[in-house]
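From a predicted model like this one, the values you see are computed outputs, not experimental measurements. Convention: sequence-line order gives letters A, B, ...; per-chain numbering from 1.
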Protein chains: 2
Amino acid sequence: MGVTRKTRNLELVLDAFRNAQEALSAQLLMERLPADVNRSTVYRLLDRLEDDGVVHSFLASENIKFYALCKECPPSVHVHSHAHFQCNSCSQVVCLEQEVVVPTLNQYRVDEAQVLLKGQCATCMR
Amino acid sequence: MGVTRKTRNLELVLDAFRNAQEALSAQLLMERLPADVNRSTVYRLLDRLEDDGVVHSFLASENIKFYALCKECPPSVHVHSHAHFQCNSCSQVVCLEQEVVVPTLNQYRVDEAQVLLKGQCATCMR
DNA sequence: TAATTAATGCGACTGTGTTGCAATAATACG
DNA sequence: CGTATTATTGCAACACAGTCGCATTAATTA
């Protein structure tokens, strides 16, 4: 079950995502929120927002879960096979536009694909 | 720096991987080792084996790192863009043969691609 | 065989994320 | 508006993967 009540914390989290160009981990998100927002609350909000299809999540380096707003995802076909890029130097994560061609497998039914590309971002390359 | 000495624990770990059809997390690996093999030792062996290019690692669900033997990877071009599949029901992880077509990006230099496909394996589908 | 040093075991410690529970506050309804 | 309902919150404790320092053990070297 997802978000049903409009609370201060919910608004703060949504604003943080709207203002962010990149994907955010719970940790990064909390750094952008007032210090008095509870850690558990943040995790619970992220869960609910994901249930509602408002954000999607994926794992990046160091076993850190990142979240980003779902922009052009048709909620019906909510598969998220688009790729994410993480810079090995600054650790920043961005959502890419590209959909990834998921190989067809005859032994498995693929419901979801997580693609994380890693390398150097433009800023860290120069 | 990687593995240099041939120890009992090293042999046990390598045997476990050779006998496994699927990829193993540190946890799963430890279940297949004698109980007296220390947890830290397992993690350190995995690190060394990865440094040496003997195994490769990737993240699966629940923030768990999985490891598998590198079979046909040319050590020179050690990029590991091949996909992995994880069953949402039994959580088993396998290495797939398929290489994934990595999209070319002009703003980023991609050094590595991690592709995790999720769904149902043949056993869990019936 | 002795010296060197990689590997190990242990225990304590991170850091991410979860949970139970009581208190608080957003909504629904009269 | 005032009250009842219940979603949300804060807190503290917890779970778990993985790391680290350090003293001990054991594989290799000479």
Side-chain angles (χ1 to χ4, degrees), chain A residues 1-17 22-68 84 86 91-93 114 116, chain B residues 1-17 23-52 54-68 84 86 91-93 114 116:
Chain A
M1 171 213 40
V3 176
T4 56
R5 293 184 181 182
K6 190 179 273 190
T7 64
R8 167 180 166 264
N9 290 335
L10 175 64
E11 291 305 320
L12 287 168
V13 166
L14 287 176
D15 282 346
F17 276 112
E22 70 279 15
L24 298 175
S25 62
Q27 184 59 49
L28 287 170
L29 175 56
M30 282 186 265
E31 290 168 9
R32 289 154 197 239
L33 297 175
D36 68 334
V37 180
N38 189 272
R39 209 160 50 97
S40 309
T41 301
V42 171
Y43 281 110
R44 284 190 279 228
L45 279 170
L46 288 171
D47 283 350
R48 286 178 214 149
L49 288 170
E50 189 172 12
D51 281 350
D52 285 0
V54 178
V55 303
H56 62 279
S57 76
F58 53 93
L59 289 175
S61 295
E62 312 291 317
N63 292 12
I64 308 279
K65 202 171 183 180
F66 276 74
Y67 297 82
H84 300 92
Q86 182 167 35
S91 297
Q92 190 159 112
V93 180
Q114 299 193 354
L116 181 67
Chain B
M1 174 209 43
V3 175
T4 57
R5 294 184 181 182
K6 190 179 275 189
T7 65
R8 166 181 167 265
N9 290 335
L10 174 63
E11 291 305 321
L12 287 169
V13 167
L14 287 175
D15 282 347
F17 275 113
L24 298 174
S25 62
Q27 185 59 48
L28 286 171
L29 175 56
M30 283 186 265
E31 291 168 8
R32 288 151 197 242
L33 297 174
D36 67 333
V37 181
N38 188 272
R39 209 160 52 100
S40 309
T41 301
V42 171
Y43 281 111
R44 283 189 281 227
L45 279 170
L46 289 171
D47 282 351
R48 287 178 212 146
L49 288 169
E50 189 171 13
D51 281 351
D52 284 2
V54 178
V55 302
H56 62 278
S57 76
F58 53 94
L59 290 176
S61 294
E62 311 292 317
N63 291 13
I64 308 279
K65 202 171 181 179
F66 276 74
Y67 297 83
H84 300 92
Q86 181 167 37
S91 298
Q92 191 159 109
V93 181
Q114 299 193 355
L116 181 67

Protein-nucleotide distance (L33(A), atom CG; dT9(D), atom C1'), rounded to Å:
14 Å
Mind listing the closest non-hydrogen atom pair of F58(B) and A23(B) along with its distance?
CZ-CB, 3.8 Å
What's the spacing between S57(B) OG and D47(B) CG if we round to 0.5 Å?
8.5 Å
Between N9(A) and dG10(D), does any side-chain N or O lie under 4.0 Å from OP1 or OP2?
yes
Find out whether Y43(A) and M30(A) are in side-chain contact, i.e. whether some heavy atom of one side chain is under 4.5 Å from a heavy atom of the other.
yes
Whole angstrom value for the distance that separates C1' of dG18(D) from CG of L29(B)
14 Å
For the pair Q86(A) (side chain) and S91(A) (backbone), establish whether a donor and an acceptor sit closer than 3.5 Å, ignoring hydrogens and angles.
yes
Are N38(B) and dC10(C) close enough that a side-chain N or O sits under 4.0 Å from OP1 or OP2?
yes
Determine, for nucleotides 13-26 of chain C in 5'-to-3' order, which nucleotides have protein heavy atoms under 4.0 Å from the base (write B), from only the sugar-phosphate (write S), or from neither (write -).
---BBBBB----BB
Taken to the nearest whole Å, CG/D36(B) to C1'/dA7(C) is 15 Å
Return the minimal non-hydrogen interatomic distance between A60(A) and L116(A), and the atom names on each side.
CA-CD2, 3.6 Å
Could you tell me the separation between the CD atom of E50(B) and the P atom of dT19(D), rounded to a whole number of Å?
10 Å
Shortest non-hydrogen pair, L49(A) vs L10(A), comes out as CD2-CD1, 3.9 Å
